[in-house]
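Counting starts at 1 for both ligands and their atoms, following the listed order. Everything numeric here is computed off the predicted structure, so don't read it as measured data. Computed over heavy atoms, backbone and side chain alike; hydrogens, waters and symmetry mates excluded.
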Amino acid sequence: MSGPANNIGPAPNELIAALQWQIDVGADEAIADYPVDRFALAAQKATQKAAAVPAAPAPEVPAPITAPMPPLAPAATPTARLATNDAITASARSAAESAPDLAALSDSLAAFDGCALKTTATNLVFGDGQENAEVMLIGEAPGRDEDREGKPFVGASGQLLDVMLSYVGLSRDENIYITNILPWRPPGNRQPTDAEIAACLPFLAQHIALVSPKILVFLGGTSAKTLLGRREGITRLRGQWYEYTSPALENAGIAPIPAMATLHPAYLLRQPAQKRAAWKDLLSVRQRLDTLTK
Ligand code: URA
């Protein structure tokens, strides 16, 4: 590298070369919350050394990972936001609540005719992972790959999710369970309707009660809004702790479950810069899980 072109900082070609070097060694995204101006710090240190004055304290680096856990906010009733068909909801509830285990719940969902998506889907996509998982993740609906394989999150977004989870010690083989708001693929991956969600919700509520995880993670806006009974978008809802409960949990005598909402991995594939926010959420999940299992 050549020296500075003037005395106000490095030349543009030096900055580009430095950036290229970072990319070459694999640093392809910023990981701190705030940019740190290393040039300004170096200049500041040199000045301080010359003047032989004690060094100023290092700039403040936020430490969200070790912050005390915030209190849980109660969720609204999950169905409060949805326009429901009472007859379908009642039949779904009685079919779901009579299922004593996951195999029975899967059978009873397969026999349920209250959601027309069943007629266009190839397979029922029920769930995957450990039946007694500590963490249960809930996405939106199966896509093409999931519909074909009958398993949630097996496509590109699922692969990204698995990698991200592995960094916080979570995996389908060990300690998580994963399912969706809807067990059937909406044609062409269209947005699920409120009626479809409401028809399937009693099965999901029973699904959660049967797994009875320590922590719930809602992936994306549809999951978070449905299960928290909220209208705000995911960028407002994410990163905070809530309490999820339902009649199915109450019937089973299970206390409200701490729940975190985060960004959907399919969104992260389109907006990689948002991975930092999702990463923060997963670290918070890890931290809370550690406090619950101590
Ligand atoms: N997106 C989801 O929300 N769920 C899946 O299973 C796959 C993609």
Atom indices of ligand 1, in the order listed, that fall short of 4.0 Å to a heavy atom of Asn180: 2 (C), 3 (O), 4 (N), 5 (C), 6 (O)
Are Phe218 and Val125 in one and the same hydrophobic cluster, where Ile, Leu, Val, Met, Phe, Trp and Tyr link if side-chain heavy atoms are under 4.5 Å apart? no
Among all protein non-hydrogen atoms, which one is nearest to atom 8 (C) of ligand 1, and what is the separation to 0.1 Å? Ser157 OG, 3.7 Å
Among protein heavy atoms, which sits nearest to atom 5 (C) of ligand 1, and what does the distance come to when rounded to 0.1 Å? Ala141 O, 3.4 Å
Result for salt bridge (charged side-chain N to carboxylate O under 4.0 Å, His left out) between Asp281 and one of Arg238, Arg288, Arg276 points to Arg238
Is any NZ, NE, NH1 or NH2 atom of the basic residue among Arg185 and Glu140 found under 4.0 Å from an Asp or Glu carboxylate oxygen of the other? no
Can you name the atoms of ligand 1, numbered from 1 with element, that are less than 4.0 Å from a heavy atom of Glu140? 2 (C), 3 (O)
Within the 4.0 Å heavy-atom shell around His264, which atoms of ligand 1 are there? 1 (N), 2 (C), 3 (O)
Would you tabulate the side-chain donor-acceptor contacts of residues 127-134 under 3.5 Å, counting partners in other chains and residues two or more places apart, or write 'none'?
from	atom 1	to	atom 2	distance (Å)
Asp128	OD2	Arg172	NH1	2.9
Gln130	NE2	Arg172	O	2.7
Gln130	NE2	Asp173	O	3.3

For a quick test of your reading: what N or O donor-acceptor pairs under 3.5 Å do the side chains of residues 107-118 make, sequence neighbours left out?
from	atom 1	to	atom 2	distance (Å)
Ser108	OG	Ala95	O	3.3
Asp113	OD1	Lys118	NZ	2.8
Lys118	NZ	Ala110	O	2.8
Lys118	NZ	Phe112	O	3.1

I'd like to check which ligand 1 atoms, numbered from 1 as shown, lie under 4.0 Å from a non-hydrogen atom of Gly139. 3 (O)
Are any of the side-chain nitrogens in Asp147 or Arg144 under 4.0 Å away from the carboxylate oxygens of its partner? no
Under 4.0 Å from one or more heavy atoms of Pro152, ligand 1 contributes atoms 6 (O)
Run down the list Arg185, Lys151, Glu149, Glu146 and name the one with the heavy atom closest to atom 7 (C) of ligand 1. Glu146
